[in-house]
Amino acid sequence: MKHFLKETDLGPKELGEVFSLAREFKRTRGSVPGTALKGQTWAMIFAKSSTRTRVSFEVGINELGGHPLFLNTHDIQLGRGESVEDTARVLSRFVHGIVIRTFDQEQVERLAAAGSVPVINGLTDFLHPCQIYADAFTAAERWAGPKGDLLGALRGRKIAFLGDTGFNMANSWILGASLFGMRISLAGPAGYEPGTKIQALLKSEGRALDYSFTTDPSEAIQDADIVYTDVWASMGQEDEAKARVAKMRPYAVTAKLFAAAKPDALFMHCLPAHPGEEVEQAVLDNPRSIIFEEAENRLHVQKAILSVLAASRGK
Ligand code: CP
Ligand code: NVA
């Protein structure tokens, strides 16, 4: 049985399968009914707000013939102190899989370890692997076209990540770049550089620490094929918002800064965005901004991940 708690939980064969299935799901959506989750119920435990992740999973599970069961942590006993292990053991007797969005990556790992059904990480403070797969698929689709080699289209490309370089999206892109054979340069203020936890994960998987970090945004953006940013204050950091905005202001993706990347560079953002903070509205509106394709592809890519995980049950 497989879980998807981090980008590298799927091997090269499954990664290829996810990308080709996602392309097929996108092409045939509405004309071929899905069956991969027929008769299954998947729980969705959410401790944080969500538009894209929640809706794309609910719609995706439904389109695969399954039933999504949304569980806000405030409404279940987990929110009143029942252990994550007991929650996992109980839910495993009712449902066929679990999607979870929460704070600690460790909680997701404990849920997967104690339960007996596949678990998907729908975002933690540490990683957001569903987003990275959908993002990589979106860029690859642009570069490879409808029939080209999706994974091949990513190899050797450079992503510049600007702003909050010490949280989930930056961590996930560091791991994702290593997985997809991409180069990554991150630029953010001192004190917000990638932390020891992502370094320890790379090391434990025998991966090179081959990302570069600089406090100079114009250095990171040189030769970039993708310019990526995320909000400066993530969910759970609302109290730090003012201080973060003050420190991260030089890393805003302005039209001027975006113009310093490759002339055909793509702009990407996981959304939600704060126009006027981490990115200028003009960049969000640029024809090379593919933010809504990214959002849509969450559906197709997650349907593919769900299908691969469902097929791994009992193995
Ligand atoms: N990008 C993303 O995960 O969006 P939501 O928080 O709306 O799910
Ligand atoms: N870094 C953001 C990502 C939202 C999809 C957050 O954790 O709030």
Side-chain angles (χ1 to χ4, degrees), residues 6-7 48 103-106 123-129 131-132 135 157-180 182-205 207-262 265-281 283-284:
K6 55 183 189 295
E7 286 74 357
K48 293 180 175 178
F103 294 85
D104 290 342
Q105 180 76 12
E106 289 68 28
L123 177 145
T124 62
D125 289 353
F126 185 48
L127 296 171
H128 195 3
Q131 182 73 50
I132 297 306
D135 289 345
R157 299 278 189 166
K158 177 179 169 181
I159 177 162
F161 190 105
L162 305 184
D164 184 3
T165 49
F167 207 60
N168 49 17
M169 286 310 307
N171 289 337
S172 256
W173 258 118
I174 290 172
L175 195 55
S178 162
L179 181 70
F180 295 114
M182 296 168 70
R183 293 174 295 138
I184 183 162
S185 276
L186 304 104
Y192 294 88
E193 49 276 275
T196 50
K197 196 167 160 180
I198 187 66
Q199 293 170 355
L201 177 60
L202 290 168
K203 268 196 197 146
S204 75
E205 296 197 351
R207 296 175 177 276
L209 299 185
D210 60 359
Y211 60 84
S212 69
F213 172 81
T214 168
T215 51
D216 177 1
S218 57
E219 188 188 318
I221 214 160
Q222 266 180 32
D223 296 325
D225 296 290
I226 297 173
V227 177
Y228 203 106
T229 192
D230 182 17
V231 292
W232 290 337
S234 286
M235 290 180 276
Q237 297 173 332
E238 289 77 8
D239 293 352
E240 300 169 30
K242 243 183 157 177
R244 288 173 155 267
V245 169
K247 285 192 188 133
M248 295 187 193
R249 187 71 74 200
Y251 304 92
V253 183
T254 59
K256 189 166 169 240
L257 191 61
F258 185 46
K262 276 192 181 160
L266 302 171
F267 173 74
M268 303 184 78
H269 190 310
C270 55
L271 303 180
H274 290 95
E277 287 193 9
E278 76 275 5
V279 56
E280 268 181 7
Q281 187 64 48
V283 176
L284 291 165

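All heavy atoms count here, side chains included; hydrogens, waters and symmetry mates do not.
S212 contributes no side-chain N or O that, together with a main-chain N or O of S185, makes up a donor-acceptor pair within less than 3.5 Å. E193 contributes a side-chain N or O that, together with a main-chain N or O of G191, makes up a donor-acceptor pair within less than 3.5 Å. Put simply, the side chain of N171 gets close to the backbone of F126: a donor and an acceptor are under 3.5 Å apart. Distance alone, capped at 3.5 Å, places no donor-acceptor pair between the Y211 side chain and the S178 backbone. For the pair K158 (side chain) and A220 (backbone), a donor-acceptor distance under 3.5 Å is present. Within the 3.5 Å criterion, the main-chain N or O of G236 finds a donor-acceptor partner in the side chain of E238.
For NZ of K203, the number of neighbouring non-hydrogen atoms (other residues, nucleotides, ligands) closer than 6.0 Å is 12 at most.
L175 places none of its side-chain heavy atoms less than 4.5 Å from the side chain of I132. At a threshold of 4.5 Å between non-hydrogen side-chain atoms, the residues T196 and Q199 count as touching. Side-chain contact between Y251 and T215 is present, with heavy atoms from C-beta onward closer than 4.5 Å. D125 has its side chain within reach of K48: a pair of non-hydrogen atoms, C-beta onward, lies under 4.5 Å apart.
For S172 against P129, the heavy-atom pair with the smallest separation is OG-N, 3.8 Å. In terms of heavy atoms, A160 sits closest to A224 at CB-CB, 3.8 Å. Nearest heavy-atom pair, V279 versus A273, reported as atom, atom and distance to 0.1 Å: CG1-CB, 4.4 Å.
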Exercise. Under the side-chain contact (heavy atoms from CB on, under 4.5 Å) criterion, do F161 and M169 qualify, and how do the steps go?
Worked result: CA-CA 9 Å; F161 190 105; M169 286 310 307; 3.8 Å; yes
For this session: Apply side-chain contact (heavy atoms from CB on, under 4.5 Å) to I174 and L186, showing your working.
Result: CA-CA 9 Å; I174 290 172; L186 304 104; 4.0 Å; yes
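Note on ring orientation: taking the six-membered ring where Trp is involved, the planes of W173 and F180 are tilted (angle from 30° to 60°).
Rounded to the nearest 0.5 angstrom, I159 CD1 and M182 CE are separated by 5.0 Å. Taking OG1 from T229 and CE from M268, the interatomic distance works out to 12.5 Å, rounded to the nearest 0.5 Å. Atom CG of N168 sits about 7.5 Å away from atom SG of C270, to the nearest 0.5 Å. To the nearest 0.5 Å, atom CG of residue L179 and atom CD of residue E205 are 9.0 Å apart. Taking OH of Y228 as the reference point, atom CD of E278 lies at 11.0 Å (rounded to 0.5 Å). Separating the CZ atom in F258 from the CG atom in L266 is a distance of 7.0 Å, to the nearest 0.5 Å.
For A255, the side-chain contact (heavy atoms from CB on, under 4.5 Å) criterion is met by E280, V283, not counting sequence neighbours. Partners of F167 under the ring-ring contact (aromatic ring centres under 6.0 Å, His included) rule, at least two apart in sequence or in another chain, do not exist in this structure. Scored by the salt bridge (charged side-chain N to carboxylate O under 4.0 Å, His left out) test, K256 finds no partners at all (sequence neighbours excluded). Partners of D216 according to the side-chain contact (heavy atoms from CB on, under 4.5 Å) rule, which considers only residues two or more places apart in sequence or in another chain, are T214, S218, E219. For R244, the side-chain contact (heavy atoms from CB on, under 4.5 Å) partners two or more places apart in sequence, or in a different chain, are D164, Y192, A233, Q237, E240, M248.
Sorted by first and then second residue, the salt bridge (Lys or Arg N to Asp or Glu O under 4.0 Å) pairs involving residues 225-234 (not counting sequence neighbours) are R157-D225, D225-K262.
Tested against T124, the residues Q105, K6, E106 include a single side chain to side chain donor-acceptor pair (under 3.5 Å) partner, Q105.
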